[in-house]
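The block underneath contains the structure these notes are about, expressed in structure tokens.
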Amino acid sequence: MAHTHDSSNKADIVVVGGGIIGSAIALRLARSGARVTVIDRGQPCSGASGAAAGMIAPQGEVIEPETFSKFCTASRDLYPELVAEVEELSQENVSYRRDGTLLVAIEEHECEELEHIYRTQTALGLSLERILNDKVLKLYSGLSPHIKLSLFVTGDHWVDNERLTRGLIKAGERSGVTFHWNSAVTGFNLKGDQIESVRALPQGATAEKAFSAKQVILAAGCWSGQLAETLGISLPIVPCHGEIIEFETHGDLPHVIRAGINYVVPRSPGITIAGTTAKWGSFEKAVTGGGLHSIIQGITRILPVAKDFKFRRAWAGLRPDTKDHLPILGLGALRNLIFATGHFRNGILLAPITAKVIAELALSCKPSHSLDLYSPARFATAE
Ligand SMILES: Cc1cc2nc3c(=O)[nH]c(=O)nc-3n(C[C@H](O)[C@H](O)[C@H](O)COP(=O)(O)OP(=O)(O)OC[C@H]3O[C@@H](n4cnc5c(N)ncnc54)[C@H](O)[C@@H]3O)c2cc1C
């Protein structure tokens with residue numbers, strides 16, 4: 001295929017993928033003075049970042065190993081600053097809320113799981129409140145009277161991930177980032193052990209465009225593996241399909257309410273979203289009868305009042321999962337290709353810290369957190 005190369009396609013850094021991860025990195029880099037271009041084959045929020053539930057929840061489950069748990073809480077702690085920056089630059093409200101999460105348990109095994117979370121997190125110095133039996137109904141009367149144990153987690157927050165991603169894009173544009181939407185990256189031109197340029201095919205065009213850059217950041221979510229493959233790099237990323245239902249409610253829930261994989265998240269006045277499901281392997285984003293059934297069954301068990309919620313719409317998205325469920329961050333075999341992908345169920349939570357460490361790596365080679373645990377090289381020996 002023919003390809004064109006013009007001087008306007010030269011950036012210091014090209015970011016492949018404009019989801020929450022790529023957009024947050026682009027903003028950080030542009031704010032540090034870099035010339036940044038983001039290339040995305042879809043429209044804003046067409047990937048997992050538009051489909052998520054928006055929980056910023058490092059304490060809602062036991063996150064292992066401890067280094068990763070600390071990485072997650074550090075990212076949660078960066079949220080207020082990021083939100084203030086995005087809201088100021090974009091002039092958009094991203095609905096960031098810090099009203100806490102309620103973890104609830106009815107069955108014996110669920111109570112054991114919550115006790116485990118309680119012990120592990122208090123040992124780490126994190127704060128949680130134990131609430132026994134139906135005392136939880138004082139927090140929200142719509143809950144099941146069969147709840148035996150609850151943990152109130154003040155440190156787990158949430159955000160409207162779609163608004164935040166759009167806000168990051170707008171903030172990026174206002175800071176000088178150039179976004180190319182509907183342009184699929186098709187491959188890379190190499191010179192020795194470096195990428196010289198990124199090839200992309202804009203929708204409807206017959207010729208590819210080449211974008212040259214000093215650094216390239218791969219942030220293409222669950223599609224990152226396919227792009228790495230074009231460079232002969234094996235990146236074991238698989239899509240994990242998850243579904244969400246949006247409801248209209250009378251009045252609003254005061255907190256996020258969770259029991260394992262089932263949760264309800266107050267999104268905006270009169271709107272609540274509920275999730276979720278997890279199915280690995282396919283890149284298809286269909287909403288299924290089985291998925292809707294299991295979400296409704298799961299949430300009405302802990303929140304019987306949900307039977308009166310009015311259905312508005314449902315959607316599905318693909319979480320980028322890895323073999324060890326940890327993200328892939330840092331440099332690999334090529335000198336100027338940085339990976340920022342594989343965030344699985346935690347990409348919204350981890351966006352601020354990913355942006356910080358990847359920008360530090362790209363600009364000064366010295367990230368403020370060790371990235372050893374997330375190195376792309378770990379899979380070379382794990383095969
Ligand atoms: C149902 C569900 C609920 C979730 N809930 C939460 C939650 O509560 N909290 C949390 O922290 N996380 C949650 N997640 C996970 C979170 O959504 C992801 O980890 C995060 O969005 C990943 O962001 P990303 O930018 O890496 O990927 P994406 O948002 O998928 O972005 C990748 C981008 O790359 C682009 N792309 C792909 N291929 C190419 C190509 N060839 N050329 C150019 N561009 C390309 C895509 O178009 C896309 O825009 C949830 C996910 C799902 C599905």
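Residue numbers run from 1 in the order of the sequence given. We count ligands from 1, going down the list as the structure has it; atoms in each ligand are counted the same way.
Across Ala52, Pro327, Cys72, heavy-atom proximity to atom 4 (C) of ligand 1 is greatest for Ala52. With Ala184, Ala316, Ala220 as candidates, the residue nearest to atom 32 (C) of ligand 1 on a non-hydrogen basis is Ala220.
At least one heavy atom of Tyr263 sits under 4.0 Å from some atom of ligand 1. Heavy-atom separations between Thr276 and ligand 1 include at least one value shorter than 4.0 Å. Ligand 1 has Ser183 within reach: a non-hydrogen atom of the residue lies less than 4.0 Å from it.
Some N or O of Met55 is nearer than 3.5 Å to an N or O of ligand 1, by distance alone. For Gly17, no nitrogen or oxygen atom sits less than 3.5 Å from a nitrogen or oxygen atom of ligand 1, counting backbone and side chain alike. The distance criterion of under 3.5 Å between nitrogen or oxygen atoms is met by Leu349 with respect to ligand 1. By the 3.5 Å distance cut-off applied to N or O atoms, Gly54 is counted among the residues near ligand 1. In terms of polar-atom proximity, Ser49 is counted as a contact of ligand 1, with an N or O under 3.5 Å from an N or O of the ligand. Close N/O approach between Gly18 and ligand 1 is not found [any backbone or side-chain N/O within under 3.5 Å]. Some N or O of Ile21 is nearer than 3.5 Å to an N or O of ligand 1, by distance alone.
From the protein, the heavy atom lying nearest to atom 20 (C) of ligand 1 is Gly347 CA, 3.8 Å. In terms of protein heavy-atom proximity, atom 27 (O) of ligand 1 is closest to Gly221 CA, 3.5 Å. Summary of contacts: the protein heavy atom closest to atom 42 (N) of ligand 1 is Val185 N, 2.8 Å. Closest to atom 51 (C) of ligand 1, if we only count protein heavy atoms, is Arg319 CG, 3.4 Å. Protein heavy atom nearest atom 28 (P) of ligand 1, with residue, atom name and distance: Ala48 N, 3.5 Å. With respect to atom 31 (O) of ligand 1, the closest heavy atom belonging to the protein is Gly19 CA, 3.5 Å. When only non-hydrogen protein atoms are considered, atom 44 (N) of ligand 1 lies nearest to Arg41 N, 3.1 Å. Nearest non-hydrogen protein atom to atom 12 (N) of ligand 1 is Arg345 O, 2.8 Å.
Both the sub-6.0 Å distance and the 45° axial angle are satisfied by Arg130 relative to the ring of Tyr118.
Taking a 4.5 Å side-chain heavy-atom cut-off between Ile, Leu, Val, Met, Phe, Trp and Tyr, the cluster of Trp315 extends to Met55, Trp158, Ile244, Val256, Tyr263, Val265, Ile273.
Contacts between Phe344 and ligand 1 below 4.0 angstrom, taking non-hydrogen atoms only, involve the backbone exclusively. The backbone and the side chain of Asp40 each have at least one atom closer than 4.0 Å to an atom of ligand 1 (non-hydrogen atoms only). Here Ile56 has no heavy atoms under 4.0 Å from ligand 1, in either its backbone or its side chain. At a 4.0 Å heavy-atom cut-off, ligand 1 does not touch Ser23 at all.
Of all the atoms in ligand 1, the ones that sit under 4.0 Å from a non-hydrogen atom of Ile39 are 43 (C), 44 (N). Close contacts of ligand 1 with Asn346, meaning ligand atoms under 4.0 Å from a residue heavy atom, involve 10 (C), 11 (O), 12 (N). Within ligand 1, the atoms closer than 4.0 Å to a non-hydrogen atom of Gly47 are 29 (O), 30 (O), numbered from 1 in the order shown. Ligand-side atoms of ligand 1 in range of Ile20: 23 (O), 25 (O), range being under 4.0 angstrom from any heavy atom.
Around the CZ atom of Arg345, the shell of radius 6.0 Å holds no more than 12 heavy atoms that belong to other residues, nucleotides or ligands.
Ring-plane geometry between Phe211 and His180 is classed as perpendicular, the angle between the planes exceeding 60 degrees on a 0 to 90 degree scale with a lower cut at 30.
The pair Lys356-Glu360 meets the salt-bridge criterion, with a side-chain N (NZ, NE, NH1 or NH2) lying under 4.0 Å from an Asp/Glu carboxylate O. Using a 4.0 Å cut-off between charged side-chain N and carboxylate O, Glu61 and Arg258 make a salt bridge. A salt bridge is defined here as a Lys NZ or Arg NE, NH1 or NH2 lying under 4.0 Å from an Asp or Glu carboxylate O, and Glu107 with Lys148 fails to meet this definition.
Taking the six-membered ring where the residue is Trp, the centroids of Phe152 and His255 are separated by under 6.0 Å. In this structure, His241 has its ring center no closer than 6.0 Å to that of Phe283.
Within the 3.5 Å criterion, the main-chain N or O of Asn93 finds a donor-acceptor partner in the side chain of Arg163.
Side-chain contact check for Tyr140 versus Val305: some heavy-atom pair is nearer than 4.5 Å. Two residues are said to be in side-chain contact when any heavy atoms from C-beta on lie closer than 4.5 Å; Val94 and Asp160 fail this criterion. Counting heavy atoms from C-beta on, the side chains of Phe339 and Tyr374 never come closer than 4.5 Å. In this structure, Tyr79 and Pro352 have side chains that are in contact, with non-hydrogen atoms separated by less than 4.5 Å.
Side-chain contact, Ser49 with Asn161: no donor N or O sits under 3.5 Å from an acceptor N or O.
Screening residues 309-320 for salt bridge (Lys or Arg N to Asp or Glu O under 4.0 Å), with sequence neighbours left out, gives Glu246-Arg312, Glu246-Arg313.
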